[in-house]
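Sequence lines set the chain letters: A, B, ... in the order given, protein chains first and strands last, and positions in each chain run from 1. Remember, predicted model here, so these are calculated numbers, not experimental data.
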2 protein chains.
Amino acid sequence: MDTYRKPQPEAEAPVVCRSCEARHGGLCSALTASQLIELNKHSFRKQIGCGNEVIGQGESVGTYSNILKGVIKLSKMMADGRQQIVGLQFAPDFLGRPFQSESTMTAEAATDMEICCFPRNVVDRMLNEVPEFERRLHSQSLKELDEARDWMLTLGRKTAQEKVASFLYLIATHIDPEEGDQQNFDLPLSRADIADFLGLTIETVSRQMTKLRKEGVITIENNRHVSVSRLEQLRQAAGIDSDW
Amino acid sequence: MDTYRKPQPEAEAPVVCRSCEARHGGLCSALTASQLIELNKHSFRKQIGCGNEVIGQGESVGTYSNILKGVIKLSKMMADGRQQIVGLQFAPDFLGRPFQSESTMTAEAATDMEICCFPRNVVDRMLNEVPEFERRLHSQSLKELDEARDWMLTLGRKTAQEKVASFLYLIATHIDPEEGDQQNFDLPLSRADIADFLGLTIETVSRQMTKLRKEGVITIENNRHVSVSRLEQLRQAAGIDSDW
DNA sequence: CGCTAGCTTGACCGGACTCAAGTGGTGTGG
DNA sequence: CCACACCACTTGAGTCCGGTCAAGCTAGCG
């Protein structure tokens, strides 16, 4: 049971942000309580069903948002339909692209999810007023850049086996603690999505999963639920050397 | 011949920055003349020979720099020696990673080059004092992120032929105007580098170049010099659809 | 019960890799 | 000036990994 709330004239975060704030190593932690209140006036939460498009390729974007729950897949598609997932985003990542109203990718809910939306103009104004706010966004961009480049190594130079192991390792280390731990989790992506993320086909993904299972690195239940016996073994299968 | 310099008490950019400034759609254009003077006190230019390492993987970095001339390749290497180039940087790109003293990649001169170096602490201080400065860096990070993700599509989903065409298209559209134009340029990378950038082997790169040559898309002289007859043809071979 | 969607498995194929030899341009020493 | 070595690149032959195509399996659901 929560302690009784003493009224305080200023500097009290909006009710809706309270339980949320904890997770926010994310964006909102850059704001003071009064700034949060200001932002909160214009923001709204939204449930999104698995598979729904959040931002379309070439679409203009009117809102930014924070991911509260679930996983977003960012993907690019070629004219002939070939597709590549170029990033996954987890809570509490920020979703949206400052300084550019048009998206060059599609953002789609990989799972059922909940997001917190902010109108573009409000955020853009805050960007100019609160340097720490831009610092946070910059910092997330750099994190995404690192991840993208790590994945380029995976896409360009790893074998199918290593790719699949790398994916499992990525999920194991990024899973929302509420939904599993590093030894035991549900895959947020279908085989088709995994294939698009790894630059492989569904069949190859499936075969390599089977292989990892037979080698005792993982066990699989109901197609989606994965257990990892020793994470170190998975790292190794992924070709990740701990020294770096 | 330059016009004679009238002394002005303030607001005059350092001599060394003058000819440079023109190119700087880059970082320094975010600074006022007096800020430039301040930064310039601690900065120095440096020539780097082709193949030299600028920042090593896992090394700590004491300086940032601007690229004045030449091409930097950013690469990652696996424990067994497999290598992937994860980015190319051209003048006037900024080189270095704020908020993190240790690099997760190697930065190496792909060509002979010239850079302008700034001590880390001076830049970090300016980052805090000049919001526009951070805005610029943020903006470049976002540009690099877009490029990385575009390349992920290339690495994950394109054929060898399309990869090589994509590379040639990239160079054609990024080449320093002083060193060539979109129809006619020297490749800044060796076949080995191209292979590492595309996630292919040297042999495959070579074969696909030959194929593009025989199909009349390009002509090659002295291994390095490339002429493109119709850029549109190259785009097409690269699987790039103009609609996006 | 059968239908469908998502996944697995099998057989075969082909594109990119491997290994090896050949070519050409450049620098060096006799 | 030629002989030679060296390096970067090209070309060829054979192999293999991952793609393609097709069939089978399983769980959920009308």
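A/Glu108 places no side-chain N or O within 3.5 Å of a backbone atom of A/Val54 that could act as its donor or acceptor partner. For A/Lys163 (side chain) and A/Leu198 (main-chain N/O), a donor-acceptor pair under 3.5 Å exists by modelled atom type.
Remark: C1' of D/dT11 and CE of B/Met209 are 15 Å apart, rounded to the nearest angstrom. Regarding A/Leu198, its CG atom lies at a distance of 18 Å from the P atom of D/dC17, rounded to whole Å. Atom CG of A/Leu212 is separated from atom C1' of C/dC7 by 16 Å (rounded to the nearest Å). Atoms CD (A/Glu162) and C1' (D/dG18) sit 14 Å apart, rounded to a whole Å.
The CG atom of A/Asp193 lies 11.0 Å from the CG atom of A/Leu187; values are rounded to the nearest 0.5 Å. Taken from CD in A/Gln161 to CG in A/Leu212, the straight-line distance is 4.5 Å, to the nearest 0.5 Å.
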Encode nucleotides 9-16 of chain C as B, S and - characters from 5' to 3', where the letter depends on protein heavy atoms closer than 4.0 Å: B to the base, S only to sugar-phosphate, - to neither.
BBB----S
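Residues A/Leu155 and B/Gly156 share a closest heavy-atom pair of CD2-CA, 4.3 Å.
A heavy atom lying under 4.0 Å from DNA chain C marks none of the residues of residues 218-227 of chain B.
For the side chain to side chain contact (heavy atoms under 4.5 Å, CB included) test, no residue two or more places apart in sequence or in another chain qualifies with B/Ser139.
Comment: A/Arg157 engages B/Asp196 in a salt bridge, judged by a side-chain N to carboxylate O separation of less than 4.0 angstrom.
Using modelled atom types and a 3.5 Å distance limit, the side chains of A/Arg136 and A/Ser29 yield a donor-acceptor pair.
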